[in-house]
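Positions are given from 1, in the same order as the sequence printed here. What you see is a predicted model, and the numbers here were worked out from it, not measured in a lab.
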Amino acid sequence: MSTSVFSLLVKRRFGPFFFTQFLGAFNDNVFRQALILLIASGVVAGTEVNTLNNVALALFILPFFLFSALAGQLADKYDRAMLVRRIKLVEIFIMTFAAVGFFFNAVYFLLAVLFCMGLQSTFFGPIKYSIIPQHLPSRELVSGNALVEMGTFLAILLGSISGVLLKMDAADPLIVSAVVVGLAALGYLAARGIPKAPAADPGMKINWNLWRETWHIVGYAREVKSVWMCVLGICWFWFLGAAYTTQLKVYVDDYLLGTDGLYALLLGTFSVGIGLGSYLCEKMSGHRVELGLVPLGSIGLSAFGIDLFFSYAGLPKDVSVDIAAFLQQPAGWRVMVDLLGIGVFGGFYIVPLFALIQQRSNPSHLARIIAANNILNSLFMVGSAVAGIVLVGVLNLTVPEFFLVLSLANVLVAAYIYTRVPEFLIRLLVWMLTNVLYRIKEQGMENIPDEGPCLLVCNHVSYVDALLLGGAVRRPVRFVMAKPIYDLPLMNYIFRTGKAIPIDSKERNPEIYQQAFERINEELADGQVVCIFPEGKLTRDGELAEFKTGMEKIVNENRVPVIPMALSGLWGSFFSHKGGPALTRLPKRFWSRVKLNVGEAVTADQVASQDMRRRVLGLRERP
């Protein structure tokens, strides 16, 4: 992650919000881990520890299901910064009650406090993700979400470890009591620095029929198919996360025979993995919402989850182990790598999904869509608790077997989502093409506007030009391409999914020609980015051919800015015509450096075919 990304932390438009949510997540996990250890100490006689842990999880997430509809409405109706400050003030009172519960070791009282914490988190949740696009431009969405996810799971790590340390070895309950109240107070102070975030829909009337409103806001989430699939993907991630973290204590105690310190280490490894995955996601996405990392995340989640089932088998089964003894065993390192891998690929999976929801949702009810996501999250997390109780407690599956079932189920969920929205898999293919087979060095990308219609004009060297450009440009691009290329096997599926526009010559196929220009006009009128290759065909000699006049026809009908671009480094590749027809020769190497230079925008009044050709030629020859 670049220094410029970390610089967001010192900007008022992001820093106070970041530290507010960081301290909140930190405090939540200090409390929850301290409560888990208190339950595990056996102060409640006659109750199965695993069952009580699952009850605690259910109590925490129940408010999300009951009150998210109200929380989403409030977050859209009122200034979100003001709401955050009031929510954090309430947290101080909740943690004061928590301090009393810890002092008296009152587990059932603390479970009631846990419900109140869940209620407070319910009202903070819709604000957390809807305020980000309010203060950050589109190009910073991935960076902001990556920082939030990384910070959240770093807070989970530090909070969980702190909660364990504060309650292990019969520590003084006054210490944990003071810590949870102090953290709540610091969170309130941080919230006071958040700049105003005006209401998205101040005229909205609150619907107090929460059951009806729940279905209403779920309907908002279903309006855009890709957003709905992202919501379901996030819900499944929290199902997995809740299952792993809830069962991890039992896994350490009963299968690894580990100490509380080892539990803290493994929980920390999982949390570090998600933070690291969020960090790498920002690096690998190129400051854009890169959906291709989501299926990559799914693959990693299943692969490392399946290996976790096998990895503990090499550990001793008859002796208790601390951290040092655990790390002396190769199987111990394997368990750690598996948990780290699950976390890393979880980061790849979750960050683009949140960013896409923020990018593609209607801003006037974004908070309600986030609230709908939280409602469904709560259902999935309750389902996770029920699955743990039934599969482990009733059907007597071992915890490693439960982890295996989760990993196999993840394969089925991924198959469902990616067949419903092929865009995810297409973006994975494009991402692999642009980051594995080719590496693109970009210059002048800031010349492409973040919003509004524009026409990109580029030279045409290979069959993968559109894929490479689509992977480099931060916005979705509608490519106009020759119909023979559009109809290529396999590639046709990709181009259709990407809403490419096939075109043919006016003499050979006037109907396709006319339909192409109608589609171009529609896309530009809708504010989209359209890209054309005005040579009309792939180069057969590596030189830039004459430009067709179709570009002038487009700008005469659509007064949009025209942006020249040039690709270099692809001539001689497997997908170009150098040395014979493309796709007929084995490549000399499987990795190539490609340059993409983007010129300054030209107004529609200045567009002329030969002038644009000279501009593209100059960009191609730029060192």
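- Listed by chain and residue number, nothing satisfies the ring-ring contact (aromatic ring centres under 6.0 Å, His included) test with Phe270 (two or more places apart in sequence, or in another chain).
- Using a 4.5 Å cut-off on side-chain heavy atoms (C-beta onward), Phe237 and Asn377 make no contact.
- Between the Glu149 side chain and the Ile274 main chain, no donor and acceptor come within less than 3.5 Å of each other.
- A donor-acceptor pair under 3.5 Å is formed between the side chain of Gln21 and the backbone N or O of Phe18.
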Check: Do Ile503 and Tyr486 pass the side-chain contact (heavy atoms from CB on, under 4.5 Å) test, and can you show the C-alpha distance, the side-chain angles, and the key distance before you say yes or no?
Finding: CA-CA 9 Å; Ile503 192 169; Tyr486 179 87; over 6 Å; no
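- Scored by the side-chain hydrogen bond (donor to acceptor under 3.5 Å, both in side chains) test, Asn207 finds Glu213 as partners (sequence neighbours excluded).
- Heavy-atom minimum distance, Phe64 versus Asn374: CB-O, 3.8 Å.
- The number of heavy-atom neighbours closer than 6.0 Å to CZ of Phe19, taken from other residues, nucleotides and ligands shown, is above 12.
- Val90 places none of its side-chain heavy atoms less than 4.5 Å from the side chain of Leu119.
- Two residues are said to be in side-chain contact when any heavy atoms from C-beta on lie closer than 4.5 Å; Trp431 and Leu291 fail this criterion.
- Side-chain atoms of Ile132 and Tyr129, non-hydrogen and from C-beta on, do get closer than 4.5 Å to each other.
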Margin query: Walk me through whether Val294 and Met229 qualify under side-chain contact (heavy atoms from CB on, under 4.5 Å).
Written below: CA-CA 12 Å; Val294 178; Met229 288 297 109; over 6 Å; no
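- In plain terms, the two heavy atoms of Val142 and Ala355 that are nearest each other are CG2-CB, 4.2 Å.
- A 4.5 Å side-chain heavy-atom check between Leu356 and Gln359 finds at least one atom pair inside the cut-off.
- Taking CG of Leu340 as the start and CG of Leu276 as the end, the distance is 6.5 Å to the nearest 0.5 Å.
- Remark: the backbone N or O of Ala25 is paired with a side-chain donor or acceptor of Asn29 at under 3.5 angstrom.
- Closest non-hydrogen pair, Asn27 versus Ala184, comes out as ND2-N, 3.5 Å.
- Note: Leu397 CG to Gln247 CD = 10.5 Å, rounded to the nearest 0.5 Å.
- For Arg85, the side-chain hydrogen bond (donor to acceptor under 3.5 Å, both in side chains) test picks out no residue, with sequence neighbours left out.
- Evaluation of the ring-ring contact (aromatic ring centres under 6.0 Å, His included) rule for Phe424 yields Tyr418 as partners, not counting sequence neighbours.
- Legend: side-chain hydrogen bond (donor to acceptor under 3.5 Å, both in side chains) pairs involving residues 378-393, not counting sequence neighbours: none detected.
- A search for side-chain contact (heavy atoms from CB on, under 4.5 Å) contacts involving Glu522 returns Arg519, not counting sequence neighbours.
- When side chains are defined from C-beta on, Ile194 counts as touching Ile131, because their heavy atoms get closer than 4.5 Å.
- Residues in residues 363-387 take part in these salt bridge (charged side-chain N to carboxylate O under 4.0 Å, His left out) pairs, two or more places apart or across chains: Asp76-Arg368, Asp201-Arg368.
- Every pair tested for salt bridge (charged side-chain N to carboxylate O under 4.0 Å, His left out) that includes a residue from residues 378-395 fails, sequence neighbours excluded, so the list is empty.
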Check: Checking side-chain contact (heavy atoms from CB on, under 4.5 Å) for the pair Leu35/Val113: CA distance, chi angles, key distance, verdict?
Finding: CA-CA 11 Å; Leu35 179 57; Val113 173; over 6 Å; no
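- For the pair Trp228 and Arg222, the tightest heavy-atom approach, listed with the atom from each and the gap, is CZ2-NH1, 3.3 Å.
- Side-chain atoms of Gln73 come within 3.5 Å of backbone N or O of Ala69 as a donor-acceptor pair.
- Partners of Glu401 by side-chain hydrogen bond (donor to acceptor under 3.5 Å, both in side chains), not counting sequence neighbours, listed by chain and number: Thr398.
- The distance from atom CG of Leu154 to atom CZ of Phe22, rounded to the nearest 0.5 Å, is 4.5 Å.
- The side-chain contact (heavy atoms from CB on, under 4.5 Å) search around Ala56 returns Leu111, Leu114, not counting sequence neighbours.
- Counting only distance, with no hydrogens or angles, the side chain of His135 and the backbone of Lys196 share a donor-acceptor pair below 3.5 Å.
- Judged purely by atom type and a 3.5 angstrom limit, Arg475 uses its side chain to pair as donor or acceptor with the backbone of Pro449.
- For the pair Ser130 (side chain) and Ala367 (backbone), a donor-acceptor distance under 3.5 Å is absent.
- The CG atom of Leu240 sits 9.0 Å away from atom CD1 of Ile342, with the distance rounded to the nearest 0.5 Å.
- In Arg86, the CZ atom is not crowded: 12 or fewer heavy atoms of neighbouring residues, nucleotides or ligands sit closer than 6.0 Å.
- Pairing each heavy atom of Ile217 with each of Ala371, the nearest pair is CD1-CB, 3.9 Å.
- Within 6.0 Å of CE on Met82 lie more than 12 heavy atoms contributed by other residues, nucleotides or ligands.
- Taking 4.5 Å as the limit, some side-chain heavy atom of Phe60 sits within range of a side-chain heavy atom of Ser121.
- For the salt bridge (charged side-chain N to carboxylate O under 4.0 Å, His left out) test, residues two or more places apart in sequence or in another chain that qualify with Arg13 are Glu140.
- Interatomic distance, CG of Asn362 versus CD1 of Ile369, reported as 7.0 Å (0.5 Å rounding).
- Separating the CZ atom in Phe309 from the CG atom in Asp338 is a distance of 12.5 Å, to the nearest 0.5 Å.
- Under the 3.5 Å distance criterion, the side-chain polar atoms of Lys77 are matched with a main-chain donor or acceptor of Met204.
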Checklist line | Evaluation steps, side-chain contact (heavy atoms from CB on, under 4.5 Å), between Leu70 and Trp208 | finding: CA-CA 7 Å; Leu70 177 60; Trp208 294 99; 3.8 Å; yes
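- In terms of heavy-atom proximity, Trp215 sits nearest to Trp211 at CD1-O, 3.2 Å.
- Side-chain atoms of Asp79 do not come within 3.5 Å of backbone N or O of Ala199 as any donor-acceptor pair.
- Legend: residues meeting side-chain hydrogen bond (donor to acceptor under 3.5 Å, both in side chains) with Asn410, ordered by chain and number and at least two apart, are Trp236, Ser302.
- Looking only at distances, a side-chain donor or acceptor of Tyr349 sits under 3.5 Å from a matching main-chain atom of Gly233.
- Using a 30° and 60° split on the angle between ring planes, Tyr244 and Phe403 fall in the tilted class, from 30° to 60°.
- You'll find the side chain of Ile306 reaches within 4.5 Å of the side chain of Leu404, heavy atoms only.
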